[in-house]
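These notes concern the structure reproduced below.
Sequence lines set the chain letters: A, B, ... in the order given, protein chains first and strands last, and positions in each chain run from 1.
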There are 2 protein chains.
Amino acid sequence: MATSKVGSIGEYIREQRQRAKVSLRQLADATGVSNPYLSQIERGLRKPSAEILQQIAKGLRISAEALYVQAGILDERESDTDVQAAIRADVGLSERQKQVLLDIYESFRNETGSAAAPDAEAVIRTTPPTEGTST
Amino acid sequence: MATSKVGSIGEYIREQRQRAKVSLRQLADATGVSNPYLSQIERGLRKPSAEILQQIAKGLRISAEALYVQAGILDERESDTDVQAAIRADVGLSERQKQVLLDIYESFRNETGSAAAPDAEAVIRTTPPTEGTST
DNA sequence: TCGCCCTGCTTGCTATTGCAAGCACGCTTG
DNA sequence: CAAGCGTGCTTGCAATAGCAAGCAGGGCGA
């Protein structure tokens, strides 16, 4: 838990709860998570599972993803471009295909544009075992 | 991939692992998760935490989010975004890069899943399993 | 044949998660 | 004053996660 964005999930939950002006017991009732456990989580004594975080998010009416990001189990997606989001969301691609496309896309973006076009082509020529070749 | 099938994270992990042609021990080495525990997870005997899923995703070179979705701790993102449109609209890519990505994307879609295995294999072979594997 | 290496699985254990029962304190009301 | 209710926290326990040590089986080479 070292980066600027991923911090104490407990502090974050307490902050959100206090914003909502909800007591621990009210949140416990709303979430189905026990009041003492919520207290322990907020004070950093316990580390809740993703399922518990999901319940807490629902009780606080915030997104579970926000809690996952704070807990360090999910990366932030704000930096996604449309292409990355589209690739991830495309149900017609296998997970591995998605990863391949994302890797290529990112290497293209790192080359920053049109001047790198020949190199990009060269990179692709090392990649296409996909095209017709079989082992 | 099945869009609405949330469940049996173990079967999903085994499927991805077998696609990658990786043994449990190799995956254990790649992930830092113990070989017996991976076996138990695959057979549905244990329910792994998000941290373990994260490690497994990394070892299999797939996104953690995909595993979270399968495990039911993350909702699928909206799948309406068009990959091709996004690629074309991305101002950070040259026209040539766009064409290359589109070509690869289309070949992936034409392969529709099972034929993606050879390419998947190639990707995994870039991640060499360590020799002398032993738990 | 045996030895070695690979494979996936069994078992017993420790550490951790999440909870129920209850405590301590502050505030309000009769 | 006592009783009641709200608040957050303490404590001990059961269930589960995750692991190390090891088993069992298959394949291969000397």
Side-chain angles (χ1 to χ4, degrees), chain A residues 1 6 8-60 64 67-68 70-74, chain B residues 6-60 64 67-68 70-74 117 120-121 124-125 127-135:
Chain A
M1 300 298 192
V6 182
S8 170
I9 180 65
E11 288 177 8
Y12 185 76
I13 288 170
R14 177 161 289 190
E15 182 184 310
Q16 298 298 318
R17 178 173 66 80
Q18 289 173 343
R19 262 189 205 184
K21 299 189 188 332
V22 174
S23 73
L24 274 172
R25 281 211 164 92
Q26 289 168 343
L27 184 58
D29 289 338
T31 60
V33 180
S34 76
N35 155 266
Y37 192 53
L38 287 171
S39 173
Q40 287 170 332
I41 292 166
E42 288 190 352
R43 288 171 291 130
L45 298 183
R46 296 290 163 91
K47 182 183 170 193
S49 66
E51 284 77 17
I52 294 290
L53 290 179
Q54 207 171 23
Q55 291 173 32
I56 291 170
K58 188 177 294 184
L60 287 175
L67 291 187
Y68 295 163
Q70 285 293 321
I73 62 175
L74 186 66
Chain B
V6 175
S8 192
I9 179 66
E11 287 179 9
Y12 185 77
I13 287 170
R14 177 161 287 189
E15 183 183 310
Q16 297 298 319
R17 177 174 67 78
Q18 288 174 343
R19 264 192 201 187
K21 298 190 172 20
V22 175
S23 72
L24 275 170
R25 281 208 165 92
Q26 288 168 339
L27 185 58
D29 289 339
T31 60
V33 180
S34 77
N35 156 267
Y37 192 52
L38 287 171
S39 174
Q40 287 170 332
I41 292 167
E42 288 191 353
R43 287 172 291 131
L45 299 182
R46 296 290 161 92
K47 181 182 171 198
S49 65
E51 283 79 15
I52 294 290
L53 290 179
Q54 210 170 21
Q55 291 173 30
I56 291 170
K58 189 176 295 185
L60 286 174
L67 291 186
Y68 295 162
Q70 285 293 322
I73 62 175
L74 187 65
E121 195 173 356
I124 294 302
R125 282 182 179 161
T127 310
T130 57
E131 298 82 17
T133 56
S134 174
T135 308

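Side chains of A:Ile41 and A:Ile56 form a contact here, defined as non-hydrogen atoms less than 4.5 Å apart.
Residue contacts shown for A:Ile52 are limited to sugar-phosphate atoms, with no base heavy atom under 4.0 Å away. When heavy atoms are screened at a 4.0 angstrom cut-off, B:Glu42 is found touching no nucleic acid atom at all. Using a 4.0 Å heavy-atom criterion, one finds that A:Ser34 contacts the bases of the nucleic acid, with or without backbone contacts as well.
Atom C1' of nucleotide C:dA15 and atom CZ of B:Arg46 are separated by 13 Å, given to the nearest angstrom. Atoms NZ (A:Lys21) and P (D:dG6) sit 20 Å apart, rounded to a whole Å. One can place CD of A:Glu51 at 12 Å from C1' of D:dA17, the figure rounded to the nearest angstrom. The CD1-P distance, from A:Ile73 to C:dT17, rounds to 13 Å in whole Å. For A:Ile56 and C:dT17, the CD1 to P distance is 13 Å, given to the nearest whole Å. Atom CD1 of A:Ile13 and atom P of C:dG18 are 11 Å apart (whole Å). Across the protein-nucleic acid pair, B:Gln40 atom CD and D:dC19 atom P stand 10 Å apart, rounded to whole Å. For A:Gln54 and C:dG18, the CD to C1' distance is 16 Å, given to the nearest whole Å.
Under 4.0 angstrom from either OP1 or OP2 of D:dT7 there lies at least one side-chain N or O belonging to A:Ser23. Proximity of A:Ser39 to the phosphate of D:dC9: a side-chain N or O atom is located under 4.0 Å from OP1 or OP2. Between A:Arg17 and the phosphate of D:dG8, there is a side-chain N or O to OP1/OP2 separation shorter than 4.0 Å. The side chain of B:Arg43 contributes an N or O atom lying less than 4.0 Å from OP1 or OP2 of C:dT10. Checking the phosphate oxygens (OP1, OP2) of C:dC9, a side-chain nitrogen or oxygen of B:Arg14 falls inside 4.0 Å.
Of the candidate nucleotides D:dT10, D:dA17, C:dG18, D:dA17 has the atom nearest to the side chain of B:Tyr37. Checking C:dG8, D:dG18, D:dC19 against the side-chain heavy atoms of B:Val33 singles out D:dC19 as nearest. In the set C:dG18, D:dG18, D:dA21, the nucleotide with an atom closest to the side chain of B:Pro36 is D:dA21. Minimum atom distance to the side chain of A:Asn35 is reached by D:dC9, of the listed C:dT10, D:dA17, D:dC9.
Here CZ of B:Arg25 is found 8.0 Å from OG of B:Ser23. Values are rounded to the nearest 0.5 Å. Atom CD of A:Glu42 is separated from atom CD1 of A:Ile9 by 10.5 Å, given to the nearest 0.5 angstrom. Rounded to the nearest 0.5 Å, atoms OG1 (B:Thr31) and CD1 (B:Ile52) are 7.5 Å apart.
Between B:Arg43 and B:Glu11, none of the side-chain N atoms (NZ, or NE/NH1/NH2) sits under 4.0 Å from a carboxylate O, so this pair counts as no salt bridge.
Considering every non-hydrogen atom in both B:Val33 and B:Gln55, the closest pair reads CG2-OE1, 3.2 Å.
A donor N or O paired with an acceptor N or O is found under 3.5 Å between the base of C:dG8 and the side-chain atoms of B:Arg25.
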